[in-house]
Protein chains: 2
Amino acid sequence: MESRIDRIKKQLHGASYKLTPQREATVRVLLENEEDHLSAEDVYLLVKEKAPEIGLATVYRTLELLTELKIVDKINFGDGVSRYDLRQEGAAHFHHHLVCIECGAVDEIQEDLLEDVEAVVEKRWNFQIKDHRLTFHGICWRCNEKHAAEEKNKEEKNRE
Amino acid sequence: MESRIDRIKKQLHGASYKLTPQREATVRVLLENEEDHLSAEDVYLLVKEKAPEIGLATVYRTLELLTELKIVDKINFGDGVSRYDLRQEGAAHFHHHLVCIECGAVDEIQEDLLEDVEAVVEKRWNFQIKDHRLTFHGICWRCNEKHAAEEKNKEEKNRE
DNA sequence: TTATTTAATGATAATAATTATCATTAAATA
DNA sequence: TATTTAATGATAATTATTATCATTAAATAA
């Protein structure tokens, strides 16, 4: 069976780039850390564990290349660092993010959700949408549950 | 009548900050350049025209302060520079952006458009939304019109 | 195969945006 | 008026990213 790496290799070849050992190591790190929103530095350190000879510049170059080919998405949560996410295979659109303002966790939404909104934007603003970025800032389910538990606890204490 | 500046002054006082001349000059620049997505450097240069003694660090500090107080929104279009937009008065939510991948223009959408999507996210992901960022990347109405005109032109030439 | 062109890499210097430091000034308060 | 505190300006420091350039690896031509 054709693996994800094989398909990425084909994508690279299609654009006349090669999948060098360094590029492959970088892609593997991204595959093994999906959903983790790694920075270039993060990727560099992880790649180094397996391939210590790799240079930071090569990691940057590879991430840039993968971004150009739309294999990864470069995202920015406003903390001064770019982060890189593998794009879902076959996904025309970028996935969305939920950033928790309490604990800092970043969750992903793979569902599109924006179809109706995009139809409106395309028509009303005569804007041909090619991609989108949607991030919600708020309180995640973990913090919500934690607060609910604390609340319950307090009530029980009061009843005593 | 109470002006926008007066209201911002009150907001600052409410958080026990003062509206110093430097801060006022910075806010005025933002007011006079709404919809322009200015970077800190842009703001600095504009403020300098009116108040040449101001320092870049003060502009950064002021923009940070205004961001904290949710008077401005700090945004990032992925070009390595933070940009600062005055938030619509009374707007609970951040406005959206249309970034043209051809000409680089950035247009704004003040309408919410996300109410339905947010209801789904709050329920399905148990996420309490406090704010959002939505940016569409694509081709703006100006470029679309230009292409349409070019197309028409070509057709006419062919008919000759 | 060997020579030659081209692509990719690693080390590191350069750049650019932002933040930290610190002495000075302005403002608020005692 | 004296004194504490907040804010500022100049500039150094930091940090992420990009550019440079000599070296290596790969692809292609002879």
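Order of the sequence lines sets the chain letters (A, B, ...), proteins ahead of strands, with each chain counted from 1.
- Among the duplex regions that DNA chain C forms, those built from at least three successive Watson-Crick or G-U pairs under 3.5 Å are C:1-30 with D:1-30, ordered by first number.
- Applying a 4.0 Å cut-off to non-hydrogen atoms, none of the residues of residues 31-38 of chain A approaches DNA chain C.
- In terms of heavy atoms, Tyr84(A) sits closest to Ala40(A) at CE1-N, 4.0 Å.
- One can place CG of Leu19(A) at 17 Å from P of dA7(C), the figure rounded to the nearest angstrom.
- The separation between Glu41(A) atom CD and dT18(D) atom C1' is 15 Å, rounded to whole Å.
- Put simply, CZ on Arg83(A) is 15 Å from P on dT15(D), counting in whole angstrom units.
- In this structure, the CD atom of Glu64(A) is 6 Å from the P atom of dT18(D), given to the nearest Å.
- In terms of the salt bridge (charged side-chain N to carboxylate O under 4.0 Å, His left out) criterion, residue partners of Asp79(A) (sequence neighbours excluded) are, by chain and number, Arg83(A).
- As a whole-Å value, the separation of Phe77(A) CZ from dA16(D) C1' is 17 Å.
- Considering only residues two or more places apart in sequence or on other chains, Lys10(B) meets the salt bridge (charged side-chain N to carboxylate O under 4.0 Å, His left out) condition with Glu2(B).
- Grouping Ile, Leu, Val, Met, Phe, Trp and Tyr by side-chain contacts under 4.5 Å, direct or through others, puts Ile139(A) with Ile101(A).
- Residue Tyr60(B) has no polar side-chain atom (N or O) positioned under 4.0 Å from OP1 or OP2 of dT19(C).
- Identified under the salt bridge (Lys or Arg N to Asp or Glu O under 4.0 Å) test for residues 139-150 of chain A, with sequence neighbours left out: Asp107(A)-Arg142(A).
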Tell me which donor-acceptor pairs under 3.5 Å the side chains of residues 62-69 of chain A have, and how far apart each pair is, sequence neighbours excluded?
| residue | atom | partner | partner atom | Å |
| --- | --- | --- | --- | --- |
| Thr62(A) | OG1 | Thr58(A) | O | 2.8 |
| Thr67(A) | OG1 | Leu63(A) | O | 2.6 |

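- The distance between atom CG of Leu65(B) and atom P of dT19(C), rounded to the nearest whole Å, is 14 Å.
- Val81(A) belongs to no hydrophobic cluster with other residues, because no ILVMFWY side-chain heavy atom falls under 4.5 Å from its own, directly or through intermediates.
- Two rings, from His37(A) and Phe77(A), have their centers less than 6.0 Å apart.
- Residue Ser82(B) is in sugar-phosphate contact alone, with no base atom involved, counting any heavy-atom pair closer than 4.0 Å across all strands shown.
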Scan nucleotides 8-15 of chain C against the protein and return all N/O pairs shorter than 3.5 Å with their distances rounded to 0.1 Å.
| residue | atom | partner | partner atom | Å |
| --- | --- | --- | --- | --- |
| dA8(C) | OP1 | Arg23(A) | NH1 | 3.2 |
| dT9(C) | OP1 | Thr20(A) | OG1 | 2.5 |
| dT9(C) | O3' | Gln22(A) | NE2 | 2.9 |
| dG10(C) | OP1 | Gln22(A) | NE2 | 3.2 |
| dG10(C) | OP1 | Glu53(A) | O | 3.1 |
| dG10(C) | OP2 | Gly55(A) | N | 3.2 |
| dG10(C) | OP2 | Thr58(A) | OG1 | 2.7 |
| dG10(C) | N7 | Arg61(A) | NH2 | 2.6 |
| dG10(C) | O6 | Arg61(A) | NH1 | 3.3 |

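- Listed by chain and number, the hydrophobic cluster partners of Leu134(B) are Leu98(A), Ile109(A), Leu113(A), Leu114(A), Val117(A), Val120(A), Val121(A), Trp125(A), Phe127(A), Ile129(A), Leu134(A), Phe136(A), Leu98(B), Ile109(B), Leu113(B), Leu114(B), Val117(B), Val120(B), Val121(B), Trp125(B), Phe127(B), Ile129(B), Phe136(B), where partners are ILVMFWY side chains within reach of under 4.5 Å, directly or through others.
- Residues meeting the side-chain hydrogen bond (donor to acceptor under 3.5 Å, both in side chains) test with His137(A), sequence neighbours left out: none.
- For Glu32(A), the salt bridge (charged side-chain N to carboxylate O under 4.0 Å, His left out) partners at least two apart in sequence or on another chain are Lys50(A).
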